[in-house]
Student: 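The structure that follows is given in the form of structure tokens.
When a residue number appears, it is its place in the shown sequence, counting from 1. Quick note: numbers below take in every heavy atom, side chains included, and nothing from hydrogens, waters or symmetry partners. Predicted, not measured: the structure shown is a model, and the values here were computed from it.
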Amino acid sequence: MNLKAFKHLVDSSHSDIKYCNDLKALYEYVGLPTNLGFMTRNSVTDELYKKICASFSSGHGLVWELCNQFKQELIQEQVLDDLPIQPYFSTLEYIMDAIRPQTNNSDEISGNWKQAIQYARDFSHLSNWGNNLSTTNYQRWYEVAYATKKLQTKGYQFKRISTEIFFEKESEDKIVSDIQSLIKSMGGLNVVRRVLNKVSDLYNDKQERYHVVRKIPRLGMSGAPQVPLNYILSLSIKHAFSKKPHKNNEEEWSKLIELAKLYTTVLDVQNYFPPAFKTYDGKGLLSTLQTEALYDSLFTFKQMRPEDSLDILRGLLVGIDFDTPHGSGWSLNAVLETFKTLLELTKNKRGVQTINKHNLYKQCLPLQPKQIDKVLYDVFCHPKTGANNNYSKATDAPFLQEKQTELGVDFFLKPLLQDKKGNLYLIDRSICAPAFIEGVFTELRKTYKESFDSKIGTSLENFLKQKLVGNTP
């Protein structure tokens with residue numbers, strides 16, 4: 001069964017129940033006895049539901065899933081092809097509602113679709129609850145279809161397979177290129193500032209973090225397509241030092257927001273209703289976790305309280321000699337002292353900060369400027385070629401296959417950026433805090449190779465014990 005065959009069966013069905021003018025005629029039509037006294041209309045609709053369910057001897061669970069699939073396809077046809085959605089949608093709703101008690105039956109489908117459709121069409125003449133389609137109940141499907149429609153009007157092309165909507169490769173390449181062109185024309189650092197300004201009201205001074213987290217609407221409320229702030233931020237970091245002159249104005253910013261939002265809406269990773277009551281099998285759970293991970297990478301920030309990152313770094317490096325030189329000659333003592341001073345110089349400051357090395361040299365008195373530079377440029381800073389160079393599409397991520405291991409975001413590996421002149425920039429204290437830890441670990445792995453991660457395992461356990469015991473009343 002496919003949607004085309006289903007629609008044909010609906011179109012060819014004929015219901016004589018509409019000619020039944022009284023309850024007795026209705027009882028006779030559905031096969032109920034008329035000599036038992038009191039008769040009700042509800043008894044007729046209940047019997048029709050029983051007949052719909054009995055039309056299938058097995059596979060009710062798969063029937064329900066297939067009907068749900070057809071509903072999504074109908075919505076896509078309605079929005080993208082201007083095709084009528086009724087009476088097909090309501091017929092599917094009646095069938096799904098009727099077989100719901102038997103949906104734990106996951107055997108192969110065996111039954112009579114034509115008969116089930118006939119009874120559902122009969123039911124529709126007695127009840128109109130399924131004829132009033134609420135777009136709110138199916139907002140996720142509608143939002144994806146609406147975004148696809150808007151992008152089609154802009155010239156982007158898609159292919160549809162069952163319920164899935166995919167960008168044509170050339171079109172996804174183009175929209176990603178268009179998004180990046182807008183960022184480059186505005187100036188990457190300017191866009192970073194705009195992103196952080198947009199969420200400035202969500203900053204918590206005590207936690208020292210932006211509350212840019214997973215947004216799930218409350219029960220009874222629907223959501224709206226969200227702006228993929230972290231996706232825009234990651235691409236802005238990639239093009240942090242794009243060529244001037246820049247067109248950093250509201251018109252370009254609005255274009256960027258709209259295009260990025262349409263792109264990620266089509267990817268269909270956002271929940272518009274709380275998934276609290278949804279159940280999953282093993283396959284469904286894996287797919288859901290992949291979707292959730294992609295959502296997080298596009299819409300939420302990875303952050304940490306900056307002072308905590310320094311504390312964690314000290315705790316995890318216990319057992320490694322802090323005076324031993326590594327790499328170009330830096331030591332862990334020099335790293336920790338430089339990190340501490342950086343945090344002091346940027347305290348109570350948010351957003352993009354230019355690192356004043358001369359102030360850093362003055363404040364970080366135990367170290368010579370050359371020692372500080374080794375830490376800054378060799379441990380904490382990305383090369384002049386920049387960060388996130390292999391990230392463009394929302395789904396770019398490392399794969400085990402040859403030439404794909406470097407795909408994806410790599411900004412999290414180092415906290416600082418440098419321009420062609422060697423000037424240093426901190427994107428934001430909270431967003432960059434985890435990268436200070438990873439920057440040190442990345443360099444230490446070059447010294448200790450595969451043994452490094454196991455080397456800090458015991459230190460990690462001891463650090464957590466101390467913290468948990470210390471916070472116990």
Student: Would you say that more than 12 heavy atoms from the other residues, nucleotides or ligands in this model lie under 6.0 Å from the NE2 of H8, or not?
Tutor: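 Atom NE2 in H8 is not packed in, count stays at 12 or less.
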Student: Tell me, do V195 and F301 make a side-chain contact under 4.5 Å, heavy atoms counted?
Tutor: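 Heavy-atom side-chain distance check passes, below 4.5 Å.
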Student: Grab the two heavy atoms, one from C381 and one from L424, that are nearest each other, plus how far apart they are.
Tutor: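 Between these two residues, the closest heavy atoms are SG-CD2, 3.5 Å.
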Student: Are E252 and K255 close enough for a salt bridge, meaning some N to O gap below 4.0 Å?
Tutor: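 Yes, E252 and K255 are salt-bridged.
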Student: Verify whether one side chain among Q69 and E73 offers a donor that lies under 3.5 Å from an acceptor in the other.
Tutor: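 Side chains of Q69 and E73: pair found under 3.5 Å.
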Student: Given the rule in the salt bridge (Lys or Arg N to Asp or Glu O under 4.0 Å) test, do D97 and R100 qualify, once you have shown the distances and angles that lead to the verdict?
Tutor: CA-CA 5 Å; D97 198 44; R100 194 181 303 275; 3.6 Å; yes
Student: Work out which heavy atom in P434 is nearest to a heavy atom in Q303; give both atom names and the distance.
Tutor: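 So the two residues come closest at CG-C, 4.0 Å.
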Student: List the steps, then state whether salt bridge (Lys or Arg N to Asp or Glu O under 4.0 Å) holds for E208 with K347.
Tutor: CA-CA 10 Å; E208 295 186 55; K347 191 172 181 64; 5.0 Å; no
Student: Any Lys/Arg nitrogen of E443 or K414 sitting under 4.0 Å from an Asp/Glu carboxylate oxygen of the other?
Tutor: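 Between K414 and E443 there is a salt bridge, with a charged N closer than 4.0 Å to a carboxylate O.
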Student: Yes or no on side chain to side chain donor-acceptor pair (under 3.5 Å) for D428 and Y203, after CA distance, side-chain angles and deciding distance?
Tutor: CA-CA 12 Å; D428 183 86; Y203 187 80; over 6 Å; no
Student: Tell me every residue that passes side-chain hydrogen bond (donor to acceptor under 3.5 Å, both in side chains) with E344, counting only those two or more places apart in sequence or in another chain.
Tutor: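 Listed in chain order: nothing, the list is empty.
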Student: Would a distance-only check, ignoring hydrogens and angles, find a side-chain to backbone donor-acceptor pair under 3.5 Å from Q418 to H382?
Tutor: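 Side chain of Q418 to backbone of H382: a pair is present.
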Student: Compare every heavy atom of A5 with every heavy atom of M1, then report the nearest pair and how far apart it is.
Tutor: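 Scanning both residues, the minimum pair turns out to be SD-CB, 3.8 Å.
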Student: Indicate yes or no for a side-chain donor-acceptor contact from N388 to the backbone of D410 under 3.5 Å, with no hydrogens or angles considered.
Tutor: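 Yes, N388 side chain to D410 backbone: donor-acceptor pair under 3.5 Å.
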Student: Are D396 and K393 ion-paired here, with the side-chain N under 4.0 Å from a carboxylate O?
Tutor: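 Between K393 and D396 there is no salt bridge, as every charged N stays at least 4.0 Å from the carboxylate O atoms.
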Student: Would you say the rings of Y263 and F167 are close, in the sense that their centroids are separated by under 6.0 Å?
Tutor: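 That pair passes the under 6.0 Å test.
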Student: Please check if the number of heavy atoms outside K149 that lie under 6.0 Å from its NZ is greater than 12.
Tutor: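 More than 12 within 6.0 Å, yes.
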Student: Would you say the ring centers of Y88 and F6 fall short of 6.0 Å from each other?
Tutor: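 Not under 6.0 Å, so no.
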Student: Taking all non-hydrogen atoms of both residues into account, name the closest pair between I179 and A260 and its distance.
Tutor: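 Shortest heavy-atom contact: CD1-CA, 3.9 Å.
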Student: Relative to the ring of Y231, is the ring of Y391 parallel (under 30°), tilted (30 to 60°) or perpendicular (over 60°)?
Tutor: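 It falls in the perpendicular class, over 60°.
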Student: Using 4.0 Å as the upper bound for N to carboxylate O, is an ion pair formed by E307 and R429?
Tutor: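 Yes.
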Student: Yes or no on salt bridge (Lys or Arg N to Asp or Glu O under 4.0 Å) for D311 and K467, after CA distance, side-chain angles and deciding distance?
Tutor: CA-CA 11 Å; D311 192 22; K467 287 297 176 183; 2.6 Å; yes
Student: Is atom CD of Q368 surrounded by more than 12 heavy atoms (other residues, nucleotides or ligands) closer than 6.0 Å?
Tutor: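 Counting neighbours around CD of Q368, 12 or fewer heavy atoms of other residues, nucleotides or ligands fall under 6.0 Å, so no.
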Student: Centres of the F299 and Y295 rings: under 6.0 Å?
Tutor: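 Yes - the distance between ring centres of F299 and Y295 falls below the 6.0 Å cut-off.
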Student: Identify the residue among V352, L417, I183 that makes a side chain to side chain contact (heavy atoms under 4.5 Å, CB included) with V192.
Tutor: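 Exactly one pass, corresponding to V352.
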Student: Does the separation of the ring centres of Y138 and F89 fall below 6.0 angstrom?
Tutor: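 Close enough - the centres of the two rings lie under 6.0 Å apart.
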Student: Considering only NZ, NE, NH1 and NH2 on the basic side and carboxylate oxygens on the acidic side, decide whether E93 and K71 come within less than 4.0 Å.
Tutor: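 Here E93 pairs with K71 in a salt bridge, since their nearest N and O are under 4.0 Å apart.
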Student: Could you check L294 against Q290 for side chain to side chain contact (heavy atoms under 4.5 Å, CB included), going step by step and ending with a plain yes or no?
Tutor: CA-CA 6 Å; L294 183 54; Q290 290 174 328; over 6 Å; no
Student: Please name the pair of heavy atoms, one in L267 and one in A394, separated by the smallest distance, quoted to 0.1 Å.
Tutor: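 Shortest heavy-atom separation between L267 and A394 comes out as CD1-CB, 3.4 Å.
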Student: If the threshold is 4.0 Å, N to carboxylate O, is there a salt bridge linking E250 and R194?
Tutor: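 Answer for the salt bridge query: yes.
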Student: Return the minimal non-hydrogen interatomic distance between Q371 and P366, and the atom names on each side.
Tutor: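 Closest approach of Q371 to P366: OE1-O, 4.4 Å.
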